[in-house]
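First the structure, in the form of C-alpha cells, and then the observations on it.
Residue numbers start from 1 in every chain, and the chains themselves are labelled A, B, ... in the order their sequence lines are given, proteins ahead of strands.
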Number of protein chains: 2
Amino acid sequence: MKLSTKGRYGVKAMFELALSTALNDEPVSIKMIAEKQNISEYYLEQLFASLRKAKLIKSIRGAQGGYVLAKPPKDITVADILNVLEGPVEISDCISDEDSSCSRSGYCATRLLWIKIYDSVNQVINSITLQDMLNDYYEMQKTNILQRGE
Amino acid sequence: MKLSTKGRYGVKAMFELALSTALNDEPVSIKMIAEKQNISEYYLEQLFASLRKAKLIKSIRGAQGGYVLAKPPKDITVADILNVLEGPVEISDCISDEDSSCSRSGYCATRLLWIKIYDSVNQVINSITLQDMLNDYYEMQKTNILQRGE
DNA sequence: AGATATCCTATCTTTTTACTCGGAATTCGA
DNA sequence: TCGAATTCCGAGTAAAAAGATAGGATATCT
C-alpha cells in the first residue's frame, strides 16, 4: 500500500504554495517547484491542472505568473489534495459496494476490516491541513536551530 | 490509495482457512476457496505460494490435501498477511530513506505527514488478528439471526 | 492405478504509472 | 509593441505492475 508519485508530488507542491502564501502571497511557477523537487515540469503541470479544476489552487497566467492556493492553508486538508490526485481512498470496493461479491455470506468480516483501515486513514488525512503542516515545519526549524546551532 | 487484489483475495482466503481451523481443522483446497470467492484458481495458487514461503500457512499435498493455517488465528495479524502479499506499507519512500530528495530543507513537513498516515494504518493492521475477525464474524451472525430470523 | 492436490516456472494481456512533447493563449515588463 | 515568461490543452509513449492463464512435475489418499 503506497501512494503514487501523484499524491506525493502533489502534497509537496501544495505545501510549497502554502509556504509562499504565508511568506509573501506571490504566485509560484511550476518551473520553480519542479526544480526544487527535482521532478519533471511537464508532469507537475498535469497535476496542477487537476488541482486547479478542483479549485484548490488558482492560476495567474503570463509572465511572472504562477499558482497560489485558492483558500487559506487552514481550509485545505491533505484529504482534499489526495482525493483529487489519487482518487478517493478505497481500501477495497466492498466498502461502498453493497452488492459486490464480498457481500455474500462469510465475507462480511473482511468488509469490516477494510472499513477499519479506511476510517483510520481518513481520520488522519481529513484532520491534517496545510496550516498544520506549516506549523509543524516552523516548529521543526526552531528545534533544529536550537539543537544544531545552524 | 487502494489495496490490490492480492491483498484482498489473500486476506479473504486466510479468513477462510481460519474458519476451517475453528470448525474442523481440515485442510482447504485452493479450488474450494477459488470457487467460493469466484476468482482464478491459478492466481490464488500464486498467492498461496507466497503465504506458504512466509510460513503463514502449511500445505498438505496429495488427494484430500489443501492448506491449513501454520499458527493459531490469534497469532496471525492482518499485517502479517498484507506484508507478504502487498509488500510493507510504505506511504512514501522517505519514511525509511533518510537521504532521499525529501530530506532536503523544506520537505520534512511532508515526511512527518507520511509517517502519521503510515503509523495509523499499521496500528490498525497490526492489532487485528484472524481471531478478531472470527469473533466479529460470529458476533455478526448472531445479530443477523436475531434480527432477520434466518 | 487413478483421482486429487500441491508445486514450480513461464508466459501473456491489460491497465496504470510516470513522463514527454508541441503549440496555442495570455500577460508582464522593457 | 515586442518578446520573454508562463499557463493551458491535448496527444502520445515507454516501462512497470497487476491480473490472469497454462502445462507439467510431484506427492498422497483411497
Taking only the side-chain nitrogens and oxygens of B:R52, find out if one of them lies under 4.0 Å from OP1 or OP2 of C:dC7. yes

Check whether any side-chain nitrogen or oxygen of B:S4 sits under 4.0 Å from OP1 or OP2 of D:dG19, and answer yes or no. yes

Beyond-backbone contact of A:I33 with A:Y67, side-chain heavy atoms, under 4.5 angstrom: no

Counting only side-chain nitrogens and oxygens, does B:S59 get under 4.0 Å of the OP1 or OP2 atom of C:dT6? no

Looking at C:dT26, does its base get a donor-acceptor pair with the side chain of A:R61 below 3.5 Å? no

5'-most contact on DNA chain C (nearest-nucleotide basis), A:I60 vs B:Y42, goes to B:Y42

Taking N and O atoms by type only, does the side chain of B:Q64 place a donor or acceptor under 3.5 Å from a partner on the base of C:dT6? no

Could you check whether A:S20 and A:E26, counting side-chain N and O atoms only, form a donor-acceptor pair closer than 3.5 Å? no

So, does B:T5 get its side chain near the phosphate of D:dG19, meaning an N or O under 4.0 Å from OP1 or OP2? yes

How would you label the contact of A:I30 with the nucleic acid (heavy atoms, under 4.0 Å): base, sugar-phosphate, or nothing? sugar-phosphate

May I ask you to evaluate whether A:Y67 reaches the phosphate of D:dC8, defined as a side-chain N or O under 4.0 Å from OP1 or OP2? yes

Earlier contact from the 5' end, DNA chain D, for A:E41 and B:E41: A:E41

Is there a side-chain contact between B:F15 and A:L113, using heavy atoms and a 4.5 Å cut-off? no

Output, in order, the C-alpha distance, side-chain angles, deciding distance and verdict of salt bridge (charged side-chain N to carboxylate O under 4.0 Å, His left out) for A:K55 and A:D80. CA-CA 10 Å; A:K55 295 197 197 304; A:D80 290 333; over 6 Å; no

Rounded to the nearest Å, what distance is computed from the OH atom of residue B:Y43 to the C1' atom of nucleotide C:dA10? 17 Å

